[in-house]
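In what follows, a structure is listed as structure tokens, so that the remarks can point back to it.
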Amino acid sequence: MATVKMPEPICLIGNDENGCMCVMREALDILEQITQPVVVVAIVGLYRTGKSFLMNRLGRKKGFALGATIESKTKGIWMWCLPHPTKEGHTLVLLDTEGLGDVDKGDEKHDTWIFCLAVLLSSTLVYNSMGTIDNDALQKLHYVTELTEHIKVKSGLRDDDDQSTEFMSFFPSFVWAVRDFTLKLELEGRPITADQYLENALKLKPGSSIKSEKYNLPRRCLREFFSPRKCFVFERPASKEKMSKMEQLTDVDLESSFLKEVEEFCSYIFTNAQAKTMRDGLGLIGRMLGTLAETYVEAINSGRVPCLDNAVESLSQIQNKRAVTEALEFYRSEMSRNVQLPTETQEDLSEIHTDIQREAIEIFINGSFNDVSQRYQIDLMRTLQSVYEEYCRDNVETSRTKSKSVISRVFSSLETELRKGSYMRPGGYTDYHNTLKRATEQYRSEKGHGLMREEVLKEYLSEKEGTGQSILAADKSLTESQQEIERERLKSEAREQQQRALEEQNRIKDQQIKDQQRAYDENIKQMLEKFKRQEEIAKQEHERVLNAKLKEQRDLLEQGFKDRAEKMQGEIDNLEEKKKNWSWSSIAGTALDTIGTAAMIFLPGAGKIAGFGLSMLSKLFK
Ligand SMILES: Nc1nc2c(ncn2[C@@H]2O[C@H](COP(=O)(O)OP(=O)(O)OP(=O)(O)O)[C@@H](O)[C@H]2O)c(=O)[nH]1
Ligand SMILES: [Mg+2]
């Protein structure tokens, strides 16, 4: 699985000449190369608040451009892909966004979409602000209150349908980064953590006046949509004078307390930021993120509200088709590179095929996304099988041709003598028989004529049976009883050759049946393992949402919002119910049946199909 290490960030989403948002080709090309799962960390917040500077700390060097003036610097969404520093096999994608609230720009709508895209594309969202988390800071975060109008989970939902549980399941985790924090982390004289500071700032005001509704709205949205929530406070990094030439500063110029806070922040992100998933634990690899960005931007440009389910649908169509094509291309090119026909035995071909097939299935499994009813996997299995069968046929044909040419060479002097009639004389039979035997031995001792050697030999020798009989009958040096013995010998030699050829054919057939069984087993194994990984993520996500909702309900009760707490019960019951009836093993079982039924048709050899699949299933989903 491939990652990339970009030397510097580039623009992912910008504006085209008509002022419409567009996903940049160059960025898509980079994402295309990433076949690893992605951990996507996006930063959003008001303009000129040190967002790019903080993101560069995560990138471990200067990357995103900083601005020293009051003019806003970052435009659109910028992307920086790096090998994840701690999660092996993962790519870290940093997204730096255009600052919000620039009055000169004065395009609120654009700001809202930047915020929504950051939410939709990331797995961890960092909200960056200056000073303190007070009511003013929260009112500036009004973008969260607009999410319900700008993002849909299912396409059929009405605007007033409650989507908060769904939002929480697929929204990123939330980190509030408070910059230039000068207060003491204390509450009622007791020290508190930054997280407690945030949670305290998110407490709701009792009452239902317009004023308290306004006060509560952004708080409620944060509490209902985002979990887990985390807060980090940072001191000012350096003096005002130094800050103006920030680009030239190194760590020695920065306050040690700032550096320590930054380290804690980075270590939290590196350890806790999860790989990006859609719903039900469907993970994204880099190139899917590119398609996802395109899908959302396209919806926004055409005046639609980005919708999670639609995005899943279009991702699965694009990615699954591609995964099949890539797996097949890999199989075809590796087979043609590694196989030289004819192979000595069927096993030789089968061994190469099995290894390459395993990798091809891996390519498919890694690149596929939400392959409903295993449609694409079955398609791949069928095509792989037919390409392999073609190889088997070619192998037989080339071996035939090769064997025939060896036959005509090693038996050539015998043929010449036969044409001349040299063996039709007393003592001729013994000469004939000996020459035939020597040529047969030579044929067998040579290599390279492939898996049909005995079959082709059998065909040749059986053509010669009549000739042998005639020479024997014409050989007057042999007595009647000697002739009888020789006739018997010829018969038994023919039987022996037939047996050899039959065994050879049986070995070929048996191996082909074994190959079908192995193809089936390998597909099932990899499919079920993917299901298992997906199930684990989906379970964790479900648990996370359920716990967050339970905590929210407790908090509401403690803070005297009995009505609201009771209202949540329905949602919680649904979540509990789903947890109780968690049935991935039955989903996996259905998938197993689907593949099994399809495979029976085109893999007639895989007769004991259920055995392996079911034992895998019970092993994985206990
Ligand atoms: N006071 C203060 N200034 C900072 C901090 N971090 C960066 N700066 C300075 O703020 C200015 C803007 O920094 P950027 O990182 O470009 O800020 P930004 O939020 O990305 O700005 P836009 O892209 O324009 O929205 C630079 O001059 C930085 O030196 C900080 O923690 N505190
Ligand atoms: Mg910036």
Side-chain angles (χ1 to χ4, degrees), residues 6 8-15 21 24 27 41-80 93-108 110-118 121-122 125-133 137 140-141 143 175-183 185 194 231-266 269:
M6 292 168 64
E8 56 181 18
I10 58 168
C11 184
L12 171 67
I13 297 175
N15 283 325
M21 262 194 249
M24 299 299 180
V41 182
I43 193 162
V44 281
L46 298 194
Y47 74 114
R48 316 307 297 133
T49 49
K51 297 184 295 299
S52 303
F53 178 64
L54 185 61
M55 287 307 257
N56 286 344
R57 304 301 305 195
L58 285 175
R60 295 294 191 212
K61 64 178 195 145
K62 291 184 180 117
F64 295 108
L66 310 177
T69 67
I70 53 155
E71 229 180 312
S72 62
K73 181 79 184 173
T74 312
K75 300 284 177 220
I77 300 182
W78 284 64
M79 167 188 97
W80 196 7
V93 180
L94 301 176
L95 298 181
D96 186 20
T97 64
E98 179 171 334
L100 309 169
D102 182 357
V103 276
D104 285 346
K105 196 175 58 186
D107 189 352
E108 267 292 297
H110 180 72
D111 281 359
T112 307
W113 284 129
I114 292 281
F115 187 85
C116 286
L117 283 168
L121 296 176
S122 66
L125 182 76
V126 181
Y127 182 71
N128 188 69
S129 77
M130 279 283 176
T132 50
I133 307 182
K140 282 191 178 124
L141 184 46
Y143 304 96
V175 177
W176 195 318
V178 191
R179 313 291 288 275
D180 290 5
F181 185 76
T182 49
L183 304 175
L185 279 175
C231 179
F232 288 92
V233 297
F234 302 85
E235 283 186 34
R236 177 199 271 273
S239 68
K240 224 178 190 164
E241 303 77 66
K242 281 185 179 173
M243 296 300 283
S244 60
K245 38 184 176 33
M246 199 66 156
E247 295 268 16
Q248 296 141 34
L249 299 187
T250 60
D251 280 4
V252 286
D253 301 304
L254 302 178
E255 293 293 335
S256 61
S257 47
F258 174 80
L259 289 173
K260 189 168 157 271
E261 287 151 355
V262 159
E263 260 332 290
E264 279 168 20
F265 166 77
C266 290
I269 297 283

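Each ligand, and each atom within it, is numbered from 1 in the order the structure gives. Since the structure is predicted, the reported quantities are computational estimates derived from the model, not experimental observations.
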query: Of S52, G50, P237, A238, which has the heavy atom at the shortest distance from atom 20 (O) of ligand 1?
result: S52
- prompt: If we only count heavy atoms from C-beta on, is the R179 to F53 side-chain gap below 4.5 Å?
  reply: yes
field: Side-chain heavy atoms of T74 within contact of K51, under 4.5 Å
entry: no
message: Geometry only, no angles: is T97 polar-contacting ligand 1 at N/O separations under 3.5 Å?
response: no
- prompt: Backbone N or O of D253 within a donor-acceptor pair of the K242 side chain at under 3.5 Å?
  reply: yes
message: With nothing but distance in play, are any N or O atoms of F53 less than 3.5 Å from an N or O of ligand 1?
response: yes
task: Taking T97 for its side chain and I43 for its backbone only, find out whether a donor-acceptor pair lies under 3.5 Å.
output: yes
- prompt: If you take all heavy atoms of G45 and Y127, which pair is closest and at what distance?
  reply: CA-CE1, 3.8 Å
- prompt: Got N56 and L66 here, is their nearest side-chain heavy-atom distance under 4.5 Å?
  reply: yes
message: Regarding ligand 1, does R48 bring an N or O atom to under 3.5 Å of one of the ligand's N or O atoms?
response: yes
query: Hey, does the side chain of E98 reach the backbone of G76 with a donor-acceptor pair shorter than 3.5 angstrom?
result: yes
task: Could you list which atoms of ligand 1 come closer than 4.0 Å to a heavy atom of Y47?
output: 25 (O)
- prompt: Counting only heavy atoms, which portion of E98 has something under 4.0 Å from ligand 1: side chain, backbone, both, or neither?
  reply: neither
- request: Taking the side chain as every heavy atom from C-beta outward, state whether L141 and F115 have any atom pair closer than 4.5 Å.
  value: yes
query: To the nearest 0.5 Å, how far apart are CE in M130 and CZ in R48?
result: 9.5 Å
statement: For K140 and L46, the nearest pair of non-hydrogen atoms, with its separation, is CD-CD1, 3.2 Å
query: Against heavy atoms of L66, which atoms of ligand 1 measure under 4.0 Å?
result: 15 (O), 16 (O)
query: If you measure from atom 32 (N) of ligand 1 to every heavy atom of N56, T74, D180, which option wins on shortest distance?
result: D180
statement: Under 4.0 Å from one or more heavy atoms of T49, ligand 1 contributes atoms 17 (O), 18 (P), 19 (O)
field: Under 2.8 Å from the Mg ion (ligand 2) - protein N/O/S, by chain and number
entry: S52 OG, T74 OG1
statement: Per-atom filter on ligand 1: closer than 4.0 angstrom to a heavy atom of M130 are 2 (C), 32 (N)
D111 (side chain) donor-acceptor with G101 (main chain) under 3.5 angstrom: yes
field: R179: numbered ligand 1 atoms lying under 4.0 Å from its heavy atoms
entry: 5 (C), 6 (N), 30 (C), 31 (O)
Element-labelled atoms of ligand 1 that are located less than 4.0 Å from some non-hydrogen atom of G99: 25 (O)
message: With nothing but distance in play, are any N or O atoms of M243 less than 3.5 Å from an N or O of ligand 1?
response: yes
- request: Return the minimal non-hydrogen interatomic distance between C231 and V178, and the atom names on each side.
  value: SG-CG2, 4.0 Å
